[in-house]
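The structure appears right after this line, and notes come after that.
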2 protein chains.
Amino acid sequence: MTRTVFEKSDVIPMVAEVFRELGYEGASLSKITTRTGLSKGSLYYFFPGGKEEMAAEILAHVEAWFSANVFEPLERDEPITAIQKMWREVDAYFRSGQRICLVGAFALDETRDRFAAMISQYFKRWIEALCAALVRAGAAIEAATAISEEAIGGIQGGLILARALNDEAIFQRTIAGLAERLAKYTQGGSS
Amino acid sequence: MTRTVFEKSDVIPMVAEVFRELGYEGASLSKITTRTGLSKGSLYYFFPGGKEEMAAEILAHVEAWFSANVFEPLERDEPITAIQKMWREVDAYFRSGQRICLVGAFALDETRDRFAAMISQYFKRWIEALCAALVRAGAAIEAATAISEEAIGGIQGGLILARALNDEAIFQRTIAGLAERLAKYTQGGSS
DNA sequence: CATTATAAACCGATCGGTCTATAATGAAAC
DNA sequence: GTTTCATTATAGACCGATCGGTTTATAATG
């Protein structure tokens, strides 16, 4: 029997995809092994702490990806460019609504309680980073806070609708609409 | 041993609450029995088809509730009154974000595939009912379609954020913001 | 040839689901 | 107004399958 050899950096995204498709409770070890092609032996070699450690490392991996590609640009770079980049990255990452947000999904059931700190941290940082970029772009602090919450919430809602209606166009309309509304708060009203 | 006797109309909301808290896969029969106080015997007496029948009947019950309290008023009654009623009912139903939307939660993982028809029907009907009310209130059809999608998506996103950040105020800000934006599309711009 | 990683048998616990015994209920018979 | 009794509903033992997790043996790697 042929054995394929992986390392941890390959394994995390593969397991992550199964959690995204099935949720924490739905992702049984046997589903993870069949869908990834990895045996239990490999899984417990990389994640001695089992399912909970898998999910924790996946959440950390997601957070790191968003930090590098979304949060830090928003916090650091020229704000309008960074916001445009955010919309591009979000559309690509969520595959136009065909892929869900694992952090948002975990928030909905009691899985939240296992990972409460990471989940709240992810959304808090995203909202604050976007808010800061809007303020640097000239928006008033109160308006920037409100519209940032609406934007991040709107993305999550768009993902739910895209899957519920099985229609990726609705996710793209959602983010296009949000991008347009955000643009009104930068540089005094025009995009 | 004392035995409490229920009928099906009592049982559906009790089981529904467990599905809401734990999700479809997380809601094991033993969790359902301990949290509701109902024995397996009672559960399978009311739902011979098991877990899947429980969830299907709960979804039908949710749909019926929204039909009577939200969709039909939007479709039938004076639109501005009906929209105001919608916001009141939504805030009460979701307990200001402390309670999630089961239909939206089911949409996120492969549970969707079991109940695809009911899930898409729920959101389609809600969006169309709101859109129709906005049009009757004087909104242009294209604007009404877009804002209706944003509103229903925004509610779902608000529920995710409320749980993720463990902060019910964010849900109330979300629906207040959406209500205000919707009001701009009725009667030519003022609320 | 030590280290790293894979495969799969194996474990007790829990899974969804079935079954049997019996308690509560309400209408008919008296 | 009791008594009777079929109906309705509850309790929990029980079933095979699957759960998350452990272990042992061994293949790939540098």
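Here is how names work: the chains are called A, B, and so on, in the same order as the sequence lines, proteins then strands, and each is numbered from 1. Not measured: the values here are computed from a predicted model.
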query: Looking across every strand, which nucleic acid part, if any, lies under 4.0 Å from G50(A) by heavy atom: base, sugar-phosphate, or nothing?
result: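 G50(A): backbone/sugar contact only, no base atoms under 4.0 Å.
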message: Contact list please: residues 13-35 of chain B against DNA chain C, heavy atoms, distance less than 4.0 Å, in numerical order.
response: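 Correct list: A27(B), S28(B), L29(B), S30(B).
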query: Within this structure, what is the CG-to-P distance between L43(A) and dC19(D), rounded to whole angstrom?
result: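 About 14 Å, once rounded to whole Å.
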Where the side chain of [X] is defined as all heavy atoms beyond and including C-beta, which of [options] is the nearest nucleotide?
X	options	answer
S39(A)	dT6(C), dG16(C), dT22(D)	dT6(C)
Y44(B)	dT18(C), dG21(D), dT10(D)	dT18(C)
K51(B)	dG16(C), dT10(D), dC10(C)	dG16(C)

field: Side chain proximity check, M86(A) to W126(A), heavy atoms < 4.5 angstrom
entry: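 Counting from C-beta outward, M86(A) and W126(A) do come under 4.5 Å.
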Partner nucleotide, any strand, of dA13(C) [Watson-Crick/G-U, under 3.5 Å]: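 Here dA13(C) is engaged in a pair, and the nucleotide opposite it is dT18(D).
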- prompt: What orientation do F106(A) and F19(A) show, parallel under 30°, tilted 30 to 60°, or perpendicular over 60°?
  reply: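 F106(A) and F19(A): perpendicular rings.
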- prompt: Between R114(A) and Y24(A), is NZ or CZ placed under 6.0 angstrom from the six-membered ring centre and within 45° of the ring axis?
  reply: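 No, R114(A) does not lie over the aromatic ring of Y24(A).
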Salt-bridge present ([X], [Y]; N to O < 4.0 Å):
X	Y	value
K31(B)	E21(B)	no
E150(A)	R173(B)	no
E17(B)	R20(B)	yes

Short side-chain to backbone donor-acceptor contact, R136(A) and D77(A), under 3.5 Å: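 Between the backbone of D77(A) and the side chain of R136(A) there is a qualifying donor-acceptor contact (under 3.5 Å).
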query: For Y93(A), does its backbone N or O pair with a side-chain atom of R99(A) as donor and acceptor, under 3.5 Å?
result: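 Looks like yes, one N/O pair under 3.5 Å.
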What protein N or O atoms touch nucleotides 6-9 of chain D N or O atoms at under 3.5 angstrom, if any, and at what distances?
| unit_1 | atom_1 | unit_2 | atom_2 | d |
| --- | --- | --- | --- | --- |
| dA9(D) | OP2 | Y45(B) | OH | 2.6 |

